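These notes are about the structure you will find just below.
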There are 2 protein chains.
Amino acid sequence: MSDRRTAILEAAATVIARRGVRGLRVEELAVEAGVSKALIYYHFEDRTGLLRRTLTFVNNRAERYTAEQSAVDATTDPGAATGAAPTSGPLRQLEQALLLELQDLPHVRENSTAWGELRASAVFDPELRGELALASVIWVREVADQLGEVRPTAPESALVASAERLTALLEGLSARWLSGILPLTDARTRMREAIGVEVAHLAGHTADRSADGTPTSPNKLD
Amino acid sequence: MSDRRTAILEAAATVIARRGVRGLRVEELAVEAGVSKALIYYHFEDRTGLLRRTLTFVNNRAERYTAEQSAVDATTDPGAATGAAPTSGPLRQLEQALLLELQDLPHVRENSTAWGELRASAVFDPELRGELALASVIWVREVADQLGEVRPTAPESALVASAERLTALLEGLSARWLSGILPLTDARTRMREAIGVEVAHLAGHTADRSADGTPTSPNKLD
DNA sequence: GTCTATAACGGGATAGAC
DNA sequence: GTCTATCCCGTTATAGAC
């Protein structure tokens, strides 16, 4: 809504990505947003309130660019060239969605960094947990749905479990990338492999459901 | 070595686990360690230097309790009762080693929290990256070796890739657990499943090498 | 709504005695 | 090696004019 307000939130994401949550200085934020310090306190209760709002803001923005990218996907399709990956429709879409977070583009890096920072902050600041948990659940749900399109016969519980593993892995890889432990290309490769592994795993689940909906074999991996 | 010095490091891990790196106050640390602020600056260059030392300290301590636990493993073996998990020797050892980090015991939680915090800090403080990267490489190496014992014929590169995925996943799950997004039991379940999935995946790799006396069935789920 | 100026204080770092 | 006392800067947050 308000011009200035969103400008402050954009700036907050930028500054957090640059300095981290612990490094965010209200003064620097004010300069970045082109407003005065006092205005920040006028619009947001206090520093923590600002962080909370920034969390949801960053999250909304991520959904937005995910949607944009999905639109682009229809156009680009290099899946034919490489014999490596079985890039059929829904699977490719899933890969795109997850790999989107592992890119060295300014706003993606900004989002990933801010997200990681805010998640880390939530360990010690319970006030941030509400937004965080909600966003996480939604994200897992989305990934589970996409997995469901790749493996329509896999049981719901297995889809959610796979989605939780994939999203948690993505966060882990992202943290390593951003902290300079793991090169970006490696992170992307690991992520792609993991998707393949999980999809293969879900195929196994599919096989289990021989007749109706009831898994007959007591598989060890539930 | 020095009594006081290690006391400070122990206290640092405790305080970081309680307040986070951003919440670590040299004063509080001094109280926790039962020393004066000045002594901390005498033993460690400055705040960052202290953090760097704490990072390696925490890491060494983790190795230590991993070793202790491995010793205990020989005694305890409930693998026979439950038909759920294929807890053969090396596989069980691997599971133990990884699940060790997902336990609600004071010193484990302390280590995990401190490790997560320091990793998060490294995103913005390059001074911390050296220790971090080294520790990470060593850990991946260890897990890869353990995977190698479970799947002796799997190629080295596949073992390392799996190890990287598993350790990154563990960090991701740990972060979610500690930030209150994911219940501990869920995190543990996801981790166990992932190990199963990865081991099954490596079995596939094994099948690829048809010549060297390995069962040729390319079954994904063993 | 938005600014400038300033209060109020927390906390990192050092001096110097013992 | 370890302490007490203190400096002083950076940072959050508010007061009050426009």
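Naming convention: chains lettered A, B, ... in sequence-line order (proteins, then strands); numbering from 1 in each chain. Small disclaimer: the values here were computed from a predicted structure and weren't measured.
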N or O in side chain of A:R4 less than 4.0 angstrom from C:dG1 OP1/OP2 | no
To the nearest angstrom, the CZ-P distance between A:R5 and C:dT2 comes to 11 Å
Where along residues 7-15 of chain B does a heavy atom fall under 4.0 Å from DNA chain C?
-> none
List in chain and number order the residues that pass side-chain contact (heavy atoms from CB on, under 4.5 Å) with B:T48, two or more places apart in sequence or in another chain; answer none if no residue qualifies.
-> B:D46, B:D125, B:E127
Can you list every pair that meets side-chain hydrogen bond (donor to acceptor under 3.5 Å, both in side chains) and has a residue in residues 30-41 of chain A, with sequence neighbours left out?
-> A:R18-A:E32
CZ/B:R4 to CG/B:L9 distance, rounded to the nearest 0.5 angstrom?
-> 14.0 Å
Here the distance between atom P of D:dA13 and atom CG of A:L29, to the nearest Å, is 13 Å
For A:E110, enumerate each residue passing the side-chain contact (heavy atoms from CB on, under 4.5 Å) test, keeping only those at least two apart in sequence or located in another chain.
-> A:A13, A:T14, A:A17, A:R61
Output a table of nitrogen or oxygen pairs between the protein and nucleotides 7-10 of chain C separated by less than 3.5 Å.
none

Which of residues 41-52 of chain A have a heavy atom under 4.0 Å from DNA chain C?
-> A:Y42, A:H43
Report the C-alpha separation of A:S162 and A:E198 in whole Å, then their side-chain angles, then the decisive distance to 0.1 Å, and conclude whether the side-chain hydrogen bond (donor to acceptor under 3.5 Å, both in side chains) test is met.
-> CA-CA 6 Å; A:S162 279; A:E198 287 291 345; 2.7 Å; yes
Could you list the protein-to-nucleotides 16-18 of chain C atom pairs, N/O on both sides, closer than 3.5 Å?
none

Can you figure out which of C:dC3, C:dG12, D:dG1 approaches the side chain of B:V26 most closely?
-> C:dG12
One should read off an interatomic distance between A:L55 CG and A:L132 CG, to the nearest 0.5 angstrom, of 5.5 Å
Residues which pass side-chain contact (heavy atoms from CB on, under 4.5 Å) with B:E149, listed by chain and number, not counting sequence neighbours = B:P90
Sort and list the pairs that fulfil salt bridge (charged side-chain N to carboxylate O under 4.0 Å, His left out) and have at least one residue in residues 96-107 of chain A, not counting sequence neighbours.
-> A:D104-A:R109
When you check the gap from the basic side-chain N to the acidic O, do B:R92 and B:E95 get nearer than 4.0 Å?
-> no
Using the test salt bridge (charged side-chain N to carboxylate O under 4.0 Å, His left out), find all partners of B:R19 that sit at least two apart in sequence or belong to another chain.
-> B:E28
Spacing between B:E27 atom CD and D:dT6 atom C1', to the nearest angstrom = 13 Å
Pairs in or reaching into residues 174-183 of chain A: which pass salt bridge (charged side-chain N to carboxylate O under 4.0 Å, His left out), with residues at least two apart or in two chains?
-> A:R176-B:E171
Could you list the residues that satisfy salt bridge (charged side-chain N to carboxylate O under 4.0 Å, His left out) with A:E117, not counting sequence neighbours?
-> A:R22, B:R22
Output yes when a side-chain donor or acceptor of B:R188 lies under 3.5 Å from a complementary backbone atom of B:L102, and no otherwise.
-> yes
